[in-house]
Protein chains: 2
Amino acid sequence: METTRGAERQRTAAERRRRELLEAADRVVLRDGPQASMNAIAAEAGITKPILYRHFGDKGGLYRALAKRHTDALLSALRAALDAPSERRERVEATLDTYLAAIEARPQVYRFLMHPSDDAAPSPEQGFDVGRHSAPLLRRLGEELGKVISERVDLGPDSEQTARIWGHGIVGMMHAAGDWWLGDRPCSREQLVRSLADLLWGRLAEAGDLPGGPGF
Amino acid sequence: METTRGAERQRTAAERRRRELLEAADRVVLRDGPQASMNAIAAEAGITKPILYRHFGDKGGLYRALAKRHTDALLSALRAALDAPSERRERVEATLDTYLAAIEARPQVYRFLMHPSDDAAPSPEQGFDVGRHSAPLLRRLGEELGKVISERVDLGPDSEQTARIWGHGIVGMMHAAGDWWLGDRPCSREQLVRSLADLLWGRLAEAGDLPGGPGF
DNA sequence: AGACTGGTGTTACCGCGAGTAACGTATGCT
DNA sequence: AGCATACGTTACTCGCGGTAACACCAGTCT
């Protein structure tokens, strides 16, 4: 009865192959950005297109598999920052800094993670698919952060709802500011982190008006 | 000497044509989303592709022209909310609400505005184009809001820098929260606006810890 | 042994969308 | 008249996502 052992070996072999393919794809994406073609990836892996399709279904499948790896890594780094035993403000700053450091260190990966949802709507359903534009990564981060907030912060009634809103809002803030910063590099990472934390800490509400016209 | 008058007439005629084409493109994008093809747009306009290319250069050109119209419209609506003669908190809420109302009213347009930068980097420059992913719309809103803040709010030293950071951060927050909300519709627009304003007003800093584990 | 199954791999193709070349055709200027 | 300059067309190239059809090489079942 060699069946089970044989099947098992085959399975692990397939998994190893899959990982090899993913690593090849990773290299190509790192080089060519998110518009890396299936042809290029196949070439890098030393094989041809149909094999990729056998393993991942379609381009979206490959990209999703690729994105999951990086997203998981980023998420676990963020969780570490979020779980540090310190003051809330410090933890918030550490989380912001972790995210910004990650996108700073590997902008190509970051760019890839933000993109791959161009596939849009193959949905033949009628009605408007209102079309979530945001990258899955941001969605996931937002949900995750919302969960953390609702678990740890006392927000009174409707805390669940509020926490989710804040989770997505904060993630969006972090992302947009980070994206802009990455392009123009107008200041140090520390300063960016401090300014964003200040914003979350209500400094906008406290600041006084400037003379002339209505104060924002 | 009929030259100048003739040339002028030609020019205005060309401009009218261009506007007609843009309006046709608009209809198609409204119907098909951001992946509207040049063929489809040409068909809608009752002509063929090469004419589109003569007018707009390439797809990016057309999309940029299209986006500019909508962006300008949205921006002027936001400016109105930002210039209302009321308390700062009210103005902030009005601005958030204006944005959310706009994306709620015309999600297809919104989706289109968020997308069109897939063209990525045809830059033959070496080194990494760090790759700004954000839609031009968000960039513009962020800059604009940063300007408004730095003009009107007293932020002490480094106010310019801080204001820009906040501008981009707030816009990102608004966008991410709005995008998520538009997809899941977990609450009313009013509640969303109030929660986001609360976040900007420092309620995260004020809230108490919940028992068990570190408080975010 | 020989037929069967399931995996790996190939070449060659389809369909579609962006973008272009080459060619006509009206309109007004000189 | 002749010539420019726009407008417009048909018919193509090229690259990409995706697939069909076929070949090969294990190990398994009878």
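Reminder, nothing fancy here: chain letters follow the sequence lines and each chain counts from 1. Everything quoted here is computed from the prediction, not taken from an experiment. Only heavy atoms go into these numbers, but all of them, side chains included; no hydrogens, no water, no symmetry mates.
- Residues A:Asp72 and A:Arg140 meet the side-chain proximity criterion, which asks for heavy atoms closer than 4.5 Å.
- Between the P atom of D:dA6 and the CZ atom of B:Arg18 lies a distance of 15 Å, rounded to the nearest Å.
- Residues satisfying the side chain to side chain contact (heavy atoms under 4.5 Å, CB included) criterion with B:Ala176, sequence neighbours excluded, are absent altogether.
- Distance A:Leu62 CG to D:dC16 P: 16 Å, rounded to the nearest Å.
- Taking the charged nitrogens against the carboxylate oxygens, A:Arg194 and A:Asp97 have no contact shorter than 4.0 Å, which rules out a salt bridge.
- Rounded to whole Å, atom C1' of D:dT19 lies 18 Å from atom CZ of A:Phe56.
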Going 5' to 3' through nucleotides 10-20 of chain C and flagging B where a protein heavy-atom sits under 4.0 Å of the base, S where only the sugar-phosphate is that close, and - otherwise, we get BB-----SBBB
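- At whole-Å resolution of the value, CD in A:Glu20 and P in C:dT8 are 11 Å apart.
- Look at B:Arg17 and you'll find a side-chain N or O under 4.0 angstrom from OP1 or OP2 of D:dG8.
- Taking the six-membered ring for Trp and thresholds of 30 and 60 degrees, A:Tyr99 and A:Tyr110 have ring planes more than 60 degrees apart, a perpendicular arrangement.
- A salt bridge is absent between B:Arg27 and B:Asp32; no separation between the charged side-chain nitrogens and carboxylate oxygens falls under 4.0 Å.
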Please determine whether ring-ring contact (aromatic ring centres under 6.0 Å, His included) holds for the pair A:Tyr63 and A:Phe56, giving the CA-CA distance in whole Å, both sets of side-chain angles, and the decisive distance to 0.1 Å. CA-CA 9 Å; A:Tyr63 273 43; A:Phe56 301 103; over 10 Å; no
